[in-house]
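Below you'll find the structure, written out as structure tokens, and then a few comments.
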Amino acid sequence: MTPRSTRTGEDAEDLDVEEVLALVNSSSGTPLPDPAARGEKDGTGTPRKPETRHRATPWPQARDIAERAARTATRAVRRDPVSVPLDAALGLTLATPLDALTDLPSFDTSAMDGWAVCGPAPWDVREEGVLAGHTAQAPLTDGEAVRIATGARIPVDTTAVLRSEHGRTDDKGRLHATRGVAPGQDIRPRGQECRTGDQLLPVGTLVTPAVLGLAAAAGYDTVTAVPRARAEVLVLGDELLTEGLPHDGLIRDALGPMLPPWLRALGAEVTVVRRVRDDAYALRRAVTASDADVIVTTGGTAAGPVDHVHPTLRRIGAELLVDGVKVRPGHPMLLARITETQHLVGLPGNPLAAVSGLLTLAEPLLRTLAARPAPEPYTLPLREAVHGHPHDTRLVPVVLRGDQAVPLHYNGPAMLRGIAAADALAVVPPGGARSGQEAELLDLPWASGGIGVCFT
């Protein structure tokens with residue numbers, strides 16, 4: 001890594017004595033001042049005891065804390081619903097009910113290609129047919145038929161629609177049915193799906209592609225939705241390359257390309273991705289300058305010589321809600337409340353560990369801010385035994401095959417090969433899981449069959 005830069009001039013003037021000591025301690029490897037002596041509190045508001053400084057939060061509890069933090073932020077400031085064009089509404093949550101603006105269908109239409117017929121057979125067929133989108137024709141009279149296309153408006157006094165494959169004409173050009181014809185057959189009557197004013201979808205519905213189609217059919221150009229939480233990504237590290245092959249101790253940044261689309265799939269609007277060098281001053285400036293609802297950092301959450309996230313949060317007076325989680329990979333992750341309405345999710349720097357942090361802390365936080373419903377938990381039996389950590393939960397990439405979850409290899413903290421092929425992450429309890437044991441599964445956004453398939 002490149003040497004740390006030093007601050008001079010006006011940058012140094014706003015640093016007090018305590019900050020200077022903290023920076024010296026953090027860069028030299030000396031333990032930081034005791035958090036209890038600094039008056040730090042844990043996620044429940046209780047003063048943190050010295051002996052519990054590194055006691056991690058159980059995995060289920062960490063997810064609950066993230067969800068509660070979002071609820072608290074939502075109560076603190078009411079974000080007004082926004083009117084969004086349909087082509088930009090995918091993934092948002094309805095803030096008002098979707099009520100039908102018209103009858104669906106808005107007129108009697110043909111459900112099939114064939115003939116609109118009136119009265120009993122045989123029928124004389126009009127020369128001019130009826131196509132979808134064309135004006136209505138004159139009413140039919142008994143013994144009369146007219147060619148009609150699917151979706152075309154039914155002429156007045158039509159008895160039924162006779163499908164093309166169910167009719168034949170004789171040598172005089174008269175139409176006959178090859179099977180029985182029931183009144184109303186293959187006609188979609190006006191209002192069959194809904195009447196004007198009917199509630200089609202309630203508040204809180206996730207806008208999926210099908211919802212967009214329904215809204216358009218019901219007459220909408222825009223929908224009223226909960227605005228996305230704004231997220232900013234800070235990619236930390238002097239060792240990261242943005243292009244080319246790794247060389248000379250430098251490695252490619254995998255998280256910069258991965259996190260923005262993943263966060264969008266979780267319901268956030270990613271406003272910017274910043275690269276921040278291993279410098280405490282630079283990190284502090286980046287954090288304090290951000291106006292995002294959620295700041296996501298990568299790396300720097302442990303206690304190494306250039307791990308500046310904890311000291312930075314202490315210096316700006318942030319409250320640590322989660323300081324480490326009993327989960328592998330990813331246990332150094334953290335969640336902090338910077339202000340009443342702004343949070344920071346600190347992800348570990350290893351790629352799979354960062355994914356673990358996303359699904360543990362970022363997902364419940366962003367989902368709740370977006371007013372999305374929580375996914376229904378589900379389990380599947382594991383096809384193979386999975387080794388566990390003695391004390392911590394493990395998150396293991398799996399593929400779904402029939403009614404089983406198949407664990408994938410390449411599941412180390414720094415590996416993405418397994419998660420790139422995965423459908424979900426299996427939640428493996430401390431001690432591991434045997435073959436055939438039911439495991440809770442966390443769907444990945446692109447494999448959930450829902451909104452996550454779109455990352456834009």
Side-chain angles (χ1 to χ4, degrees), residues 80-120 123 126 128-142 144-164 166 177 180-227 370-374 376 449-451 453-454:
D80 292 331
V82 291
S83 179
V84 184
L86 295 187
D87 61 3
L90 187 65
L92 299 181
T93 303
L94 293 182
T96 59
L98 192 75
D99 295 337
L101 302 179
T102 182
D103 296 346
L104 284 181
S106 55
F107 47 80
D108 294 347
T109 62
S110 176
M112 291 289 170
D113 292 333
W115 296 268
V117 300
C118 180
W123 301 279
R126 288 182 183 174
E128 185 178 356
V130 185
L131 299 177
H134 288 220
T135 57
Q137 288 211 352
L140 293 177
T141 59
D142 277 352
E144 194 175 23
V146 64
R147 269 285 186 181
I148 194 164
T150 301
R153 188 168 190 161
I154 296 291
V156 176
D157 294 332
T158 295
T159 302
V161 169
L162 178 67
R163 300 186 185 189
S164 296
H166 297 162
V181 178
Q185 173 180 293
D186 288 326
I187 294 175
R188 291 189 63 211
R190 176 174 181 164
Q192 181 185 52
E193 187 170 0
C194 65
R195 290 290 185 180
T196 302
D198 286 352
Q199 184 179 116
L200 304 176
L201 295 169
V203 170
T205 298
L206 181 65
V207 179
T208 64
V211 170
L212 293 175
L214 177 61
Y220 285 85
D221 299 317
T222 64
V223 292
T224 303
V226 178
R372 288 186 175 185
E376 288 292 329
I451 198 60
V453 296
C454 179

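In this text the structure is predicted, and so the values were computed from the model without any measurement.
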Rounded distance [0.5 Å steps], [atom1] in [X] versus [atom2] in [Y]:
X: T159; Y: D142; atom1: OG1; atom2: CG; answer: 7.0 Å
X: L104; Y: L200; atom1: CG; atom2: CG; answer: 7.0 Å
X: M112; Y: H166; atom1: CE; atom2: NE2; answer: 9.0 Å
X: S106; Y: L101; atom1: OG; atom2: CG; answer: 12.0 Å
X: L92; Y: T208; atom1: CG; atom2: OG1; answer: 12.0 Å

Looking at every heavy atom in both [X] and [Y], which two are closest together, and how far apart are they?
X: A132; Y: A149; result: N-CB, 4.4 Å
X: E144; Y: P139; result: OE1-O, 4.2 Å
X: T93; Y: A371; result: CG2-O, 3.2 Å
X: P155; Y: L140; result: CB-CG, 4.1 Å
X: A152; Y: I148; result: CB-CG1, 3.7 Å
X: G184; Y: A160; result: N-CB, 4.1 Å

> Between R126 and R147, does a side-chain contact (heavy atoms from CB on, under 4.5 Å) hold up when you go through it step by step?
Replying inline: CA-CA 8 Å; R126 288 182 183 174; R147 269 285 186 181; over 6 Å; no

Does any part of the side chain of [Y], heavy atoms only, come nearer than 4.5 Å to the side chain of [X], both counted from C-beta?
X: I154; Y: V161; value: yes
X: H134; Y: R153; value: no
X: L201; Y: L94; value: yes
X: L98; Y: T205; value: no
X: D157; Y: T141; value: no

> Would you call D186 and R163 a salt bridge, using N to O less than 4.0 angstrom?
Replying inline: yes

Going by atom type alone, with no hydrogens or angles, which donor-acceptor pairs under 3.5 Å involve a side-chain atom of residues 211-221 and a protein atom two or more places apart or on another chain?
from, atom 1, to, atom 2, distance (Å)
Y220, OH, D99, N, 3.0
Y220, OH, D99, O, 2.5

> Does a donor on one side chain and an acceptor on the other come within less than 3.5 Å for T150 and S110?
Replying inline: no

>> I'd like to know if the side chain of D113 pairs up with that of S164 as donor and acceptor (distance under 3.5 Å, no hydrogens or angles considered).
In response: no

Under a 3.5 Å distance rule, please check whether [X] uses its side chain to pair with a backbone N or O of [Y] as donor and acceptor.
X: W123; Y: C118; answer: yes
X: R372; Y: G91; answer: yes
X: Q137; Y: V156; answer: no
X: T196; Y: D103; answer: yes

>> Would R190 pass as a cation-pi partner of F107, given that its NZ or CZ must be under 6.0 Å from the six-membered ring centre and within 45 degrees of the axis?
In response: no

>> Please determine whether side-chain contact (heavy atoms from CB on, under 4.5 Å) holds for the pair L162 and V181, giving the CA-CA distance in whole Å, both sets of side-chain angles, and the decisive distance to 0.1 Å.
In response: CA-CA 7 Å; L162 178 67; V181 178; 3.9 Å; yes

>> Between I187 and T158, does the side-chain contact (heavy atoms from CB on, under 4.5 Å) criterion hold? Intermediate values first, please.
In response: CA-CA 9 Å; I187 294 175; T158 295; 4.1 Å; yes

